[in-house]
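Throughout, protein chains are lettered first and strands after them, A, B, ... in sequence-line order, and every chain is numbered starting at 1. Side chains included, hydrogens not; waters and symmetry mates left out as well; all remaining heavy atoms used.
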There are 2 protein chains.
Amino acid sequence: MRGRQSAAHRRLSEDRTGAASERLFLEDLYVGQRFVSAVHHLDAEQIKTFAREYDPQPFHLSDEGAGGTIFGTLAASGWHTMAITMRLLVDSVPLDAGLIGATTEVSWPRPTRPGSDLQVFSEFVDILPSRSKPNMAIVTMRAETRDQDGQVLQIFTAKMPVFKRP
Amino acid sequence: MRGRQSAAHRRLSEDRTGAASERLFLEDLYVGQRFVSAVHHLDAEQIKTFAREYDPQPFHLSDEGAGGTIFGTLAASGWHTMAITMRLLVDSVPLDAGLIGATTEVSWPRPTRPGSDLQVFSEFVDILPSRSKPNMAIVTMRAETRDQDGQVLQIFTAKMPVFKRP
């Protein structure tokens, strides 16, 4: 399924980074549509602050705690990488109904380290119209979170409901 | 694959809640092994604080912003539910190597609301020995996050590396 592609939407998907202004409805979406987020700079303090509250394992709290583990030195909680990714997606993928994940998959090919500049590259990889609700579809988005060297730190896939213009 | 089951491990898996003291290695694990976490009380302020930083969509920020959306009233970001779940898992599933997800799946059958008492019920559903590393296996854990009425708010599945005693 491939929606209308106005020049504005093409420009929006191909050129822009950062905050969203136009809102996208189902008619505006197409498989292969891409979005690039702003950049988030991650430092050791942010990593430790998140970990103390939500994932207080030694390798997320200090370099010393990470010694002798598979991480070696301080690494962010995967859920911290995911939370930052969500923030970058909210600001870069302007679905009118919002980004509401029904089912999701997350994997981390590499640890997220302090000093990383995180950026999210997302793409709609499938659009499945609802059988029962003609104004609705489920869009599958695949989002890679990369560091400043282009290394993929996280792969996130989400199925999200999207709607036609009222 | 089914590891040794000492009385201590049976007791640990069936009776206990909250903080972990014994550390579990691969030899201690078996399919069907269960853990119950402590309870986390979630209020509206926590929901809004998390959302402002990581998921600032209107339905995660106020009741007013949720009106007219599929949520109706304030609902927590799914990543907030996941982050709290991780904290409850870290304190209740005492794997010696830590809880390190290689690949994960998360879904949310129902919204997480302010006033919920969140508790995580987890179970090892598969243990797959490594072909190349005899001291290692991949354990699959399935964790349900439930509210005080027993409603399942989140289903989380993770594949994690586990190791034998050194």
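When heavy atoms are compared at a cutoff of 4.5 Å, B:Ala158 does not approach chain A at all. With a 4.5 Å cut-off on non-hydrogen atoms, B:Ile155 does not touch chain A at all. Contact of A:Thr69 with chain B is not made at all, since no heavy-atom distance falls under 4.5 Å. Only the side chain of B:Met82 comes within contact range of chain A, with at least one heavy atom under 4.5 Å from a heavy atom of that chain. With a threshold of 4.5 angstrom between heavy atoms, B:Thr103 approaches chain A through its backbone and through its side chain.
A cation-pi arrangement is present between B:Arg146 and B:Phe121 under the rule of less than 6.0 angstrom and at most 45 degrees off the ring axis.
Ring geometry for A:Phe59 against A:Phe71 counts as tilted: the plane angle lies between 30° and 60°, on a 0 to 90° scale.
Annotation: maximal heavy-atom pairing with chain B below 4.5 Å, among A:Ile84, A:Leu89, A:Ile70, A:Ile100, occurs at A:Ile100. In terms of non-hydrogen atom pairs under 4.5 Å with chain B, the most contact-rich of A:Tyr54, A:Trp108, A:Phe50 is A:Tyr54. Counting heavy-atom pairs under 4.5 Å between each of B:Gly101, B:Ala102, B:Gly78, B:Pro56 and chain A puts B:Pro56 at the top.
In this structure, A:Arg165 pairs ionically with A:Asp28, as a charged nitrogen and a carboxylate oxygen lie closer than 4.0 Å. A salt bridge links B:Arg52 with B:Glu45; the closest basic N to acidic carboxylate O contact falls under 4.0 Å. For A:Glu123 and A:Arg34, the salt-bridge test passes: some basic side-chain N is under 4.0 Å from an acidic carboxylate O.
Neither side chain, B:His80 nor B:Glu53, offers a donor N or O lying under 3.5 Å from an acceptor on the other.
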